[in-house]
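Note that the structure is a prediction, hence the values are computed from the model and not measured. Lettering follows sequence order; numbering is per chain, from 1. The figures that follow rest on heavy atoms only: side chains count, while hydrogens, waters and symmetry mates do not.
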Protein chains: 2
Amino acid sequence: MAAPAGVASPDDLVACVELLFFAYRDFTGGPDAILETYGFGRAHHRVLHFVYRNPGLRVADLLDILRITKQSLARVLKQLIDKGFIIQRTGDDDRRERRLFVSTKGGRLAEKLITLQTRHMASALANVGPEASEFARRFLFAMIAASDRAHVEALVKQAAPRT
Amino acid sequence: MAAPAGVASPDDLVACVELLFFAYRDFTGGPDAILETYGFGRAHHRVLHFVYRNPGLRVADLLDILRITKQSLARVLKQLIDKGFIIQRTGDDDRRERRLFVSTKGGRLAEKLITLQTRHMASALANVGPEASEFARRFLFAMIAASDRAHVEALVKQAAPRT
DNA sequence: GACGTTATGTCAGTCATGTTGACTTATTTG
DNA sequence: CAAATAAGTCAACATGACTGACATAACGTC
């Protein structure tokens, strides 16, 4: 054998890289199809998702999460607001801020998409084994740039558990 | 406790979904930056990568792998050929076919990008533990749509081990 | 050898999503 | 009051997808 057991050979690593490409494509395919029926795209999905999971988010927070420009965000956000999926409310403390919330309709769509994706994820994890969820979180977290990890960790943990 | 040990709670699943988004973004960031210096984008990367790993690939095979239209592929492929990163050779048996190969220059770039990505992957896997590679492959494979798995498995395994 | 099929290439137009750069408005803060 | 901040907007552009239509060359079959 070229590589000792438990250690990744170069070909194993390339396989992981390629598998990630196909996995990500198939993972986003389901939501994409639903979004299309609403006239939305993946960009709308991201905005809706993070607002749903983090109610009261400010525009600046969203820019920080998505790492796109204000102008790119403005386009999709405006559409989501115009179509009544997201609601803006002037901040209580600072009235320059626009706090973002999903509407009932927006919440329904966000839930629909998240259900689709968590089912996909759950099914994949079930295929792998009992400790898969813990493992996947550690793996995916380690794939994130070190400089982003603290930020992402806070975002993912804090996310709205208002059952 | 809401969920028994080893079983993913809904919030764990959502965390995985979100982590995958950030992980994928950071994973593609490195190659993107290099590609930019060549005037290439992510689309070029995919073409170059799969041709590098599967020398002699036909255009039709590439379309099947990437699942984009002929016209979309044509644009990036033409640029890669024009700039001398990919070489076309008429098929020996069937002279309608154009077999695709990377040039020396193309191979160098492909190798550079793959090294970047496998290092990223290896570092993430090392963070997780000794069995991480095996686990990641199983997880990512399970994330791929069932209808695609056989196809992807063949592609990933067959890939050029001509060291 | 003519004809239908296949592999590839190409022209033209559109859409989604990202980018830069410049500027406005409302509000808070020093 | 002046400066800084949060957000919104206008204009132009790049990338990478898409559809639809059509062209060319080579293969295979009757």
Side-chain angles (χ1 to χ4, degrees), chain A residues 21 24-25 28-29 31-51 56-83 86-101, chain B residues 21 24-25 28-29 31-51 56-83 86-101:
Chain A
F21 165 66
Y24 194 77
R25 184 178 64 185
T28 51
D32 285 354
I34 291 176
L35 288 156
E36 208 179 332
T37 71
Y38 290 82
F40 292 146
R42 206 173 293 179
H44 301 87
H45 183 189
R46 289 177 195 140
V47 171
L48 185 65
H49 174 91
F50 285 109
V51 171
L57 214 61
R58 293 171 306 151
V59 170
D61 298 326
L62 213 36
L63 289 175
D64 206 44
I65 292 169
L66 301 175
R67 296 246 208 97
I68 57 177
T69 57
K70 186 172 51 164
Q71 296 90 326
S72 294
L73 175 58
R75 196 172 19 210
V76 292
L77 185 54
K78 193 174 188 310
Q79 291 168 341
L80 285 164
I81 291 167
D82 287 350
K83 294 196 183 175
I86 284 187
I87 292 162
Q88 274 182 326
R89 228 168 55 206
T90 298
D92 292 335
D93 298 358
D94 186 335
R95 293 192 14 242
R96 287 173 304 183
E97 296 174 351
R98 299 297 134 80
R99 297 291 183 157
L100 302 172
F101 302 86
Chain B
F21 165 67
Y24 194 77
R25 182 177 66 186
T28 51
D32 286 353
I34 290 177
L35 287 156
E36 208 178 334
T37 70
Y38 290 81
F40 292 145
R42 204 174 293 178
H44 301 87
H45 183 189
R46 290 175 194 144
V47 171
L48 184 65
H49 174 91
F50 285 109
V51 171
L57 214 59
R58 293 172 306 151
V59 170
D61 298 328
L62 212 36
L63 288 176
D64 207 44
I65 292 168
L66 301 175
R67 295 243 209 98
I68 57 176
T69 58
K70 186 171 51 164
Q71 296 90 327
S72 294
L73 175 57
R75 189 168 3 151
V76 290
L77 185 54
K78 192 175 190 311
Q79 291 168 342
L80 285 164
I81 291 168
D82 288 350
K83 293 195 184 176
I86 283 187
I87 292 163
Q88 273 182 327
R89 226 167 56 205
T90 299
D92 292 335
D93 299 355
D94 187 333
R95 295 190 15 241
R96 287 172 305 183
E97 295 174 353
R98 300 297 136 81
R99 297 291 184 158
L100 303 172
F101 303 85

Novice: Under 4.0 Å between a side-chain N/O of A:R98 and OP1 or OP2 of D:dA7, yes or no?
Specialist: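 So the side-chain polar atoms of A:R98 never come under 4.0 Å of the phosphate oxygens OP1 or OP2 of D:dA7.
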
Novice: Restricting to ring-ring contact (aromatic ring centres under 6.0 Å, His included), what partner residues turn up for A:H44, sequence neighbours left out?
Specialist: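 Scan of A:H44 (ring-ring contact (aromatic ring centres under 6.0 Å, His included), adjacent residues dropped) gives A:F40.
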
Novice: Would you kindly give the NE2-to-C1' distance between A:H45 and C:dA16, to the nearest whole Å?
Specialist: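 Going from NE2 in A:H45 over to C1' in C:dA16 covers 16 Å.
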
Novice: Given atom CZ of A:R58 and atom C1' of D:dG8, what is their separation to the nearest angstrom?
Specialist: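 A:R58 atom CZ is separated from D:dG8 atom C1' by 16 Å.
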
Novice: Would A:L57 and A:I65 count as a side chain to side chain contact (heavy atoms under 4.5 Å, CB included) here? Give the steps.
Specialist: CA-CA 10 Å; A:L57 214 61; A:I65 292 169; 4.0 Å; yes

Novice: Please work out if A:Q88 contacts a base, only the sugar-phosphate, or nothing of the nucleic acid, heavy-atom cut-off 4.0 Å.
Specialist: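 A:Q88: backbone/sugar contact only, no base atoms under 4.0 Å.
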
Novice: Ignoring hydrogens and angles, does a donor from either the side chain of B:K70 or the base of C:dG9 sit under 3.5 Å from an acceptor on the other?
Specialist: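 Yes.
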
Novice: Of all the choices, C:dG18, D:dA17, D:dG8, which nucleotide is nearest to the side chain of A:V59 once you look at every atom?
Specialist: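 The answer is D:dG8, which lies nearest to the side chain.
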
Novice: Checking all strands, does B:H44 fall into the base, sugar-phosphate, or nothing category for heavy-atom contacts under 4.0 angstrom?
Specialist: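 Sugar-phosphate contact only - B:H44 comes under 4.0 Å of backbone atoms but never of a base.
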
Novice: Per the side chain to side chain contact (heavy atoms under 4.5 Å, CB included) rule, which among A:T69, A:L63, A:L62, A:D64 passes with A:L66?
Specialist: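 When side chain to side chain contact (heavy atoms under 4.5 Å, CB included) is applied between A:L66 and each of A:T69, A:L63, A:L62, A:D64, only A:L62 qualifies.
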
Novice: Closer than 4.0 Å, any side-chain N/O of A:T69 to the OP1 or OP2 of C:dT19?
Specialist: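 It does, given that an N or O in the side chain of A:T69 lies less than 4.0 Å from OP1 or OP2 of C:dT19.
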
Novice: Provide, to the nearest angstrom, the distance between the CZ atom belonging to A:R46 and the C1' atom belonging to C:dT17.
Specialist: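 Atom CZ in A:R46 sits about 9 Å away from atom C1' in C:dT17.
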
Novice: So for B:R96 and C:dT6, does any side-chain atom that can act as donor or acceptor lie under 3.5 Å from a complementary atom in the base?
Specialist: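 Counting by modelled atom types and ignoring angles, a donor-acceptor contact under 3.5 Å is found here.
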
Novice: Could you tell me whether B:Q79 contacts a base, only the sugar-phosphate backbone, or nothing, with contacts defined as non-hydrogen atoms closer than 4.0 Å?
Specialist: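 Answer is nothing: B:Q79 stays at 4.0 Å or more from every strand.
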
Novice: From C-beta outward on A:D94, which listed nucleotide comes closest to its side chain: D:dA7, C:dT27, C:dA7?
Specialist: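 So the nucleotide nearest the side chain must be C:dT27.
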
Novice: How many whole angstroms separate atom CG of A:L66 from atom P of C:dG18?
Specialist: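 From A:L66 CG to C:dG18 P: 8 Å.
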
Novice: Students often get this wrong, so: under 4.0 angstrom with heavy atoms, is B:D93 touching a base, only sugar-phosphate, or nothing?
Specialist: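 The residue B:D93 makes sugar-phosphate contact but no base contact.
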
Novice: If I take atom CG in residue A:L63 and atom P in nucleotide C:dT20, what distance separates them, rounded to the nearest angstrom?
Specialist: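 Result: 13 Å.
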
Novice: Toward the 5' end of DNA chain C, which comes first, B:Q71 or A:L73, by nearest nucleotide?
Specialist: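 Nearer the 5' end of the strand: B:Q71.
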
Novice: To the nearest Å, give me how far apart CD1 (B:I81) and P (C:dT8) are.
Specialist: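 For the pair B:I81 CD1 and C:dT8 P, the rounded distance is 11 Å.
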
Novice: Taking CZ from A:R75 and C1' from D:dT9, how many angstroms apart are they, rounded to a whole number?
Specialist: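 Going from A:R75 (CZ) to D:dT9 (C1'), I get 12 Å.
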
Novice: Could you check B:A60 against A:G41 and say which one's nearest nucleotide on DNA chain C is further toward the 5' end?
Specialist: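 Looking at the nearest nucleotide for each, B:A60 comes out on the 5' side.
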
Novice: Rounded to the nearest Å, what distance is computed from the CG atom of residue B:D64 to the P atom of nucleotide C:dA7?
Specialist: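 To the nearest whole Å, that distance equals 11 Å.
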
Novice: Under 4.0 Å from OP1 or OP2 of C:dT17: is there any side-chain N or O of A:S72 that close?
Specialist: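 Indeed not, no polar side-chain atom of A:S72 lies that close.
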
Novice: Please work out whether the ring planes of A:F21 and B:F50 are parallel, tilted or perpendicular, with thresholds of 30° and 60°.
Specialist: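 Answer is tilted, since the angle falls between 30° and 60°.
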
Novice: Within this structure, what is the CZ-CD distance for the pair A:R58 and A:E97, rounded to the nearest 0.5 Å?
Specialist: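 Result: 5.0 Å between the selected atoms.
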
Novice: Walk me through whether A:L77 and A:L100 qualify under side chain to side chain contact (heavy atoms under 4.5 Å, CB included).
Specialist: CA-CA 10 Å; A:L77 185 54; A:L100 302 172; 4.2 Å; yes

